[in-house]
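No hydrogens, no waters, no symmetry mates; every other heavy atom, side chains included, goes into these values. Whatever order the structure lists ligands and atoms in, that order sets their numbers, starting from 1.
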Amino acid sequence: MRVASVALPLAGLAVSAAASSSSVGCNALKGPVANSLFFTGSTVYQYETKNFWSNTELMAPGCVFRPQSSSQLAKGLTALVDAEAKFAVRGGGHMGIRGSNNIDNGVLVVMSNLTTLELNKDKSVLSLGPGYRWGDVYEYLSTYDLTVPGGRLGPVGVPGLLLAGGVNFYGNQVGFACNSVINYEVVLANGTVVHANKTSNSDLFWALKGGSSNFGIVTRFDIETIKSPMVWAGAHTVEAQYVDQFLAAIAQYAANISDPKTHIVPALVPGDSTLASAILFYDSDSLSFPDILKIFTDIPSVSSTVGFKTVAEFAAELGEMVVPGINDVFVAGTVKGTTYEELYQGISIINTTFFNELPKLYKQIPSANISTIQLDWQPIGADWIKASNARGGNALGLDASQVYLCYAEVVEWIGSAYDDIVAQWVEDTTYAINNATQKAGLYDAFNYMGDAAGFQSIFPGYGATNQKRLINIAEKYDPERVFQTLMPGGFKVY
Ligand SMILES: Cc1cc2nc3c(=O)[nH]c(=O)nc-3n(C[C@H](O)[C@H](O)[C@H](O)COP(=O)(O)OP(=O)(O)OC[C@H]3O[C@@H](n4cnc5c(N)ncnc54)[C@H](O)[C@@H]3O)c2cc1C
Ligand SMILES: *[C@@H]1O[C@H](CO)[C@@H](O)[C@H](O)[C@H]1NC(C)=O
Ligand SMILES: *[C@@H]1O[C@H](CO)[C@@H](O)[C@H](O)[C@H]1NC(C)=O
Ligand SMILES: *[C@@H]1O[C@H](CO)[C@@H](O)[C@H](O)[C@H]1NC(C)=O
Ligand SMILES: *[C@@H]1O[C@H](CO)[C@@H](O)[C@H](O)[C@H]1NC(C)=O
Ligand SMILES: *[C@@H]1O[C@H](CO)[C@@H](O)[C@H](O)[C@H]1NC(C)=O
Ligand SMILES: *[C@@H]1O[C@H](CO)[C@@H](O)[C@H](O)[C@H]1NC(C)=O
Ligand SMILES: *[C@@H]1O[C@H](CO)[C@@H](O)[C@H](O)[C@H]1NC(C)=O
């Protein structure tokens, strides 16, 4: 049980008066890292425990540990392990799964003050702390006409995305965002701070590219920059009558991603009348309406924001499309194929199954309480996968001879009363979709972690070989299974 504690006169001070906290971990941290420990009643506790993307993530930790450095984090982690105390780790708080990045009673470790942000001498590499959101990073780099591959929406957090893989605007040129990371600074379970890169702890270096929080806590990412003065980008939205043409365009693009400067995020948005909207991106400060995107831009739009802008401006624009502080769930799934016909069939099955299931949701939740429903498709083809492989590969296990269409279902609603209804509906709908795509021979077990819901599993979809390799690396770097047992949140390799 949580006990109300005395309000703090000064934010930033530990409240030793809150010794009544029931958490073993909070007590264990009082000695070693007192100046970075915050209890209920303090403004820091209030701020950090609300600093999550979806209301479904809000919980009641016993205290918040906000380390100022990797060495302080290491000290705190050692104390937690010695006390066998439970904890959670939160970066940008965008994994919308309850308990993945938060905890009741235990210690919530937040990355907010690990804020390295520094270009190397020739500006080819950015050292980046896990306390950032992508919008901050792009803003900083735009001064230098640079960017990095990262989240497409500004508010999303840096660490969770890079540890999941990172679907980004430049994917067809540089692969998953994690493949541009050339070095990680990591606090291991035993409190040692190590670097993982191509030549040092190279197995850990590979595992962190898709293996998430199973190996250590990352306190710095060194990531390669990309020249980016301006890009041509925007959201192109068309009306219901064009939905079938739009779905065909997705298949046509996916079957032949012939121009690696492009990136698209096509989505259907059901409502009184369904809209189809594609985020379109082209890496050029001079060429607009590239040929390969004409299959989308030739469809008459009801609204379009395409034009030249910086990545920082575009990520801020897209960030406006989502509402923070309500309830959200994302669900992931994948179909794969090699031809237009296969990919179109995969899209069509997903579309039809999803729309067939929708009335069941509308029957249970008033439309005023549904903020957004969305179904989107992320094409990932040969250029993307080869670019990842050329940079050392990752744990995700995608095969460059296939084209993957990773779909995501998004439901955002108002009122926790509906949490269980939505959870059941997305689970039923996802199984219905996957059973149908499996029957057609188009199903793939890959679930992109960034889009996955709590009921889904991730690592089996990476393939048995990669999963086994990840388990071996976790056993080597965390033999006591600290990240499997004392940190209950997140996707576990074993
Ligand atoms: C609106 C929205 C837009 C999105 N857009 C994209 C996109 O464009 N591309 C894409 O690839 N994904 C996207 N995602 C998914 C996104 O990658 C994940 O939600 C990711 O987890 C976000 O990172 P975070 O730091 O905010 O997550 P958090 O919720 O803070 O953390 C996610 C997981 O990583 C662990 N973790 C956090 N920090 C560390 C650390 N330093 N060391 C070890 N483990 C850590 C946490 O414990 C947790 O289990 C989007 C999500 C949302 C909600
Ligand atoms: C720590 O992070 C908080 C929240 O972002 C910020 O307000 C505060 O200034 C930071 N403190 C330090 C010392 O960096
Ligand atoms: C790799 O790690 C070692 C230390 O373990 C470090 O000396 C070296 O600079 C790192 N390489 C990169 C590219 O950061
Ligand atoms: C692929 O796209 C390019 C450019 O959009 C086009 O020239 C080419 O004919 C297409 N190839 C196939 C097989 O559709
Ligand atoms: C997508 O679903 C809608 C709604 O059920 C339907 O009208 C449309 O024909 C479907 N299109 C395809 C290509 O499956
Ligand atoms: C439904 O949404 C409204 C705001 O649109 C909110 O005031 C109300 O509390 C919600 N209903 C429930 C049951 O949470
Ligand atoms: C098919 O549906 C069942 C439940 O109805 C589910 O258990 C199973 O996992 C589904 N298959 C896939 C591939 O999701
Ligand atoms: C910490 O763990 C790593 C990885 O298992 C190991 O190499 C290192 O020797 C350990 N350090 C100490 C001080 O035990």
Side-chain angles (χ1 to χ4, degrees), residues 54-56 58 172 238-264 266-278 280-282 284 287-299 323-328 335 337-377 379 381-383 401 403 405 407 409 411-423 429 432-433 436-437 439-440 442:
S54 169
N55 284 344
T56 54
L58 300 177
N172 290 316
V238 309
E239 283 179 306
Q241 65 191 107
Y242 299 111
V243 162
D244 283 349
Q245 189 182 342
F246 182 90
L247 295 178
I250 303 171
Q252 196 180 329
Y253 174 88
N256 179 21
I257 310 175
S258 55
D259 187 339
K261 290 183 173 171
T262 53
H263 181 71
I264 67 167
L268 295 186
V269 187
D272 293 337
S273 168
T274 298
L275 292 175
S277 185
L280 302 177
F281 175 93
Y282 195 66
S284 170
L287 195 129
S288 58
F289 294 95
D291 284 347
I292 186 175
L293 297 181
K294 288 218 160 90
I295 43 176
F296 292 101
T297 55
D298 283 350
I299 309 177
V323 187
I326 58 173
N327 298 36
D328 314 82
V335 289
T338 53
T339 63
Y340 169 84
E341 286 73 22
E342 286 172 341
L343 295 166
Y344 182 76
Q345 195 195 352
I347 291 167
S348 181
I349 291 170
I350 295 164
N351 165 71
T352 305
T353 314
F354 186 82
F355 278 91
N356 277 346
E357 296 289 320
L358 260 185
K360 295 182 195 159
L361 186 66
Y362 289 133
K363 224 165 48 196
Q364 300 179 83
I365 305 181
S367 58
N369 289 72
I370 298 180
S371 170
T372 310
I373 298 178
Q374 198 180 301
L375 178 63
D376 62 55
W377 285 271
D383 283 347
S401 73
V403 178
L405 279 167
Y407 74 84
E409 304 159 62
V411 182
E412 305 187 353
W413 69 100
I414 300 158
S416 299
Y418 303 113
D419 289 6
D420 292 343
I421 292 170
V422 175
T429 300
I433 291 173
T437 61
K439 210 169 144 196
L442 300 167

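- Under the 3.5 Å distance criterion, the side-chain polar atoms of Asp376 are left unmatched by any main-chain donor or acceptor of Pro266.
- Judged by distance alone, with hydrogens and angles left aside, the side-chain atoms of Asn369 form a donor-acceptor pair with the main-chain N or O of Ile414 at under 3.5 Å.
- Contact between Glu239 and Leu275 at its shortest, heavy atoms only, is CA-CD2, 4.2 Å.
- In the vicinity of Ile414, heavy-atom distances shorter than 4.0 Å reach the ligand 6 atoms 1 (C), 2 (O), 10 (C).
- Proximity of a side-chain donor or acceptor of Ser54 to a complementary backbone N or O of Asp328 within less than 3.5 Å is detected.
- The N/O atoms of Ser416, backbone and side chain alike, include none that comes under 3.5 Å of an N/O atom in ligand 6.
- Applying the side chain to side chain donor-acceptor pair (under 3.5 Å) test to Glu342 and every residue at least two apart in sequence or in another chain returns Thr338.
- Nearest approach of Ile349 to Ala436, heavy atoms of both residues: CG2-CB, 3.5 Å.
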What short N/O contacts, under 3.5 Å, does ligand 5 make with the protein, listed by atom pair and distance?
unit_1	atom_1	unit_2	atom_2	d
ligand 5	2 (O)	Asn351	OD1	3.0
ligand 5	2 (O)	Asn351	ND2	2.4
ligand 5	9 (O)	Asp244	OD1	3.3
ligand 5	9 (O)	Asp244	OD2	3.4
ligand 5	11 (N)	Asp244	OD1	2.7
ligand 5	11 (N)	Asn351	ND2	2.9
ligand 5	14 (O)	Ser348	OG	2.8
ligand 5	14 (O)	Asn351	ND2	2.8
ligand 5	14 (O)	Thr352	OG1	3.4

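- Every residue meeting the side chain to side chain donor-acceptor pair (under 3.5 Å) condition with Glu357, not counting sequence neighbours, appears here in chain and number order: Lys360.
- Heavy-atom contacts of Gly415 reach the following atoms of ligand 6: 14 (O) (cutoff under 4.0 Å).
- Asp291 meets the salt bridge (Lys or Arg N to Asp or Glu O under 4.0 Å) test with Lys294; sequence neighbours excluded.
- Residue contact check: Ala368 has heavy atoms under 4.0 Å from atoms 5 (O) of ligand 6.
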